[in-house]
Asker: 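One structure, pasted below without further comment.
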Amino acid sequence: MKIADVVAERATCPRKKVGAVIARNRHIIATGYNGAPKGLPHCDEDGCQMVNGHCVRTTHAEQNAVIQCALHGVSSDGATLYTTAGPCLTCAKIIVNAGIKRVVFKEKYGEPEALELFGKAGVEVVEGIK
């Protein structure tokens with residue numbers, strides 16, 4: 001979780017800095033933080049793009065970590081994802097489809113439906129890890 005905290009420092013949205021680490025067999029296979037899609041302006045450059053009280057300019061940390069696995073041809077099947085904030089429902093769907101079997105997060109932040117989805121999909125959830 002300490003590594004996820006360090007990764008979160010790279011996040012470019014001042015509203016919420018989130019970091020994620022995917023590990024398998026005790027080895028880090030990918031990291032991600034929330035920020036704008038590649039080549040586009042970040043929140044800390046152009047401001048947040050707000051829709052219904054949420055910044056939609058950024059790609060979430062969990063999404064970026066899964067994308068890094070895909071870009072580098074590394075399977076996340078059976079892995080654990082560590083994140084500084086509980087995943088939203090969209091991230092939860094991506095995590096399930098990526099084959100991640102365990103999610104560990106520090107701060108409850110995401111939507112309750114995400115935790116419900118994890119339960120139905122058999123993804124182990126560990127909350128409140130510092």
Asker: How close do A36 and P41 get, counting heavy atoms only, and between which atoms?
Answerer: CB-O, 3.2 Å
Asker: List the atom of C55, the atom of C13, and the distance in Å for their closest heavy-atom pair.
Answerer: SG-SG, 3.9 Å
Asker: Roughly how far apart are Q68 CD and Q63 CD, rounded to 0.5 Å?
Answerer: 13.0 Å
Asker: Among T58, T59, N34, T31, find the one that has a side-chain contact (heavy atoms from CB on, under 4.5 Å) with N64.
Answerer: T59
Asker: With rounding to the nearest 0.5 angstrom, report the CD to SG distance, E111 to C91.
Answerer: 9.0 Å
Asker: Taking only residues two or more places apart in sequence, or in another chain, which ones meet D46 in a salt bridge (Lys or Arg N to Asp or Glu O under 4.0 Å)?
Answerer: none
Asker: With a 4.5 Å limit on heavy-atom distance, are the side chains of C88 and H60 in contact?
Answerer: yes
Asker: Could you grab the distance from atom CD1 of I95 to atom NZ of K101, nearest 0.5 Å is fine?
Answerer: 12.5 Å
Asker: Of the options V126, N25, V123, V104, which is the one that meets T80 in a side-chain contact (heavy atoms from CB on, under 4.5 Å)?
Answerer: V104
Asker: Quick check for you: to the nearest 0.5 Å, what is the distance between I3 atom CD1 and Y82 atom OH?
Answerer: 9.5 Å
Asker: Would you call E127 and K108 a salt bridge, using N to O less than 4.0 angstrom?
Answerer: yes
Asker: Hey, mind stepping through M50 and R15 against side chain to side chain contact (heavy atoms under 4.5 Å, CB included) and telling me if it holds?
Answerer: CA-CA 11 Å; M50 300 300 293; R15 295 187 75 247; 3.4 Å; yes
Asker: For the pair I100 and I22, evaluate side chain to side chain contact (heavy atoms under 4.5 Å, CB included) and give the outcome as yes or no after the intermediate values.
Answerer: CA-CA 9 Å; I100 293 169; I22 300 175; 4.0 Å; yes
Asker: Grab the two heavy atoms, one from G19 and one from V7, that are nearest each other, plus how far apart they are.
Answerer: CA-CG1, 4.2 Å
Asker: Do K16 and Y109 meet the cation-pi criteria used here (NZ or CZ under 6.0 Å from the six-membered ring centre, within 45° of the axis)?
Answerer: yes
Asker: What are the two closest non-hydrogen atoms of S76 and C69, and how far apart are they?
Answerer: CB-SG, 4.1 Å
Asker: Using a strict 4.0 Å threshold on nitrogen-to-oxygen distance, state whether K106 and D5 make a salt bridge.
Answerer: yes
Asker: To the nearest 0.5 Å, what is the distance between NZ (K120) and CG (L115)?
Answerer: 12.5 Å
Asker: Please round to the nearest 0.5 Å and tell me the distance separating atom CD of Q49 and atom CZ of R57.
Answerer: 5.0 Å
Asker: If you count every heavy atom of other residues, nucleotides or ligands that lies below 6.0 Å from L40 atom CG, does the total exceed 12?
Answerer: yes
Asker: So if you build clusters from Ile, Leu, Val, Met, Phe, Trp, Tyr with side-chain heavy-atom gaps below 4.5 Å, do I94 and V96 land together?
Answerer: yes
Asker: Considering non-hydrogen atoms only, spot the tightest contact between A61 and V18 and give its length.
Answerer: CB-O, 3.4 Å
Asker: Hey, any chance V6 and V21 share a hydrophobic cluster, counting ILVMFWY side chains that come within less than 4.5 Å of each other, even indirectly?
Answerer: no
Asker: Has the side chain of K17 got a donor or acceptor atom that lies under 3.5 Å from a matching backbone atom of A8?
Answerer: no
Asker: Do F118 and V103 make a side-chain contact, defined as non-hydrogen atoms from C-beta onward lying under 4.5 Å apart?
Answerer: yes
Asker: Is there a side-chain contact between L89 and K93, using heavy atoms and a 4.5 Å cut-off?
Answerer: yes
Asker: Hydrophobic clusters here meaning ILVMFWY residues chained together by side-chain heavy-atom distances under 4.5 Å, can you tell me if Y33 and I67 are in one?
Answerer: no
Asker: Answer whether the closest heavy-atom distance between the side chains of L81 and E62 falls below 4.5 Å.
Answerer: yes
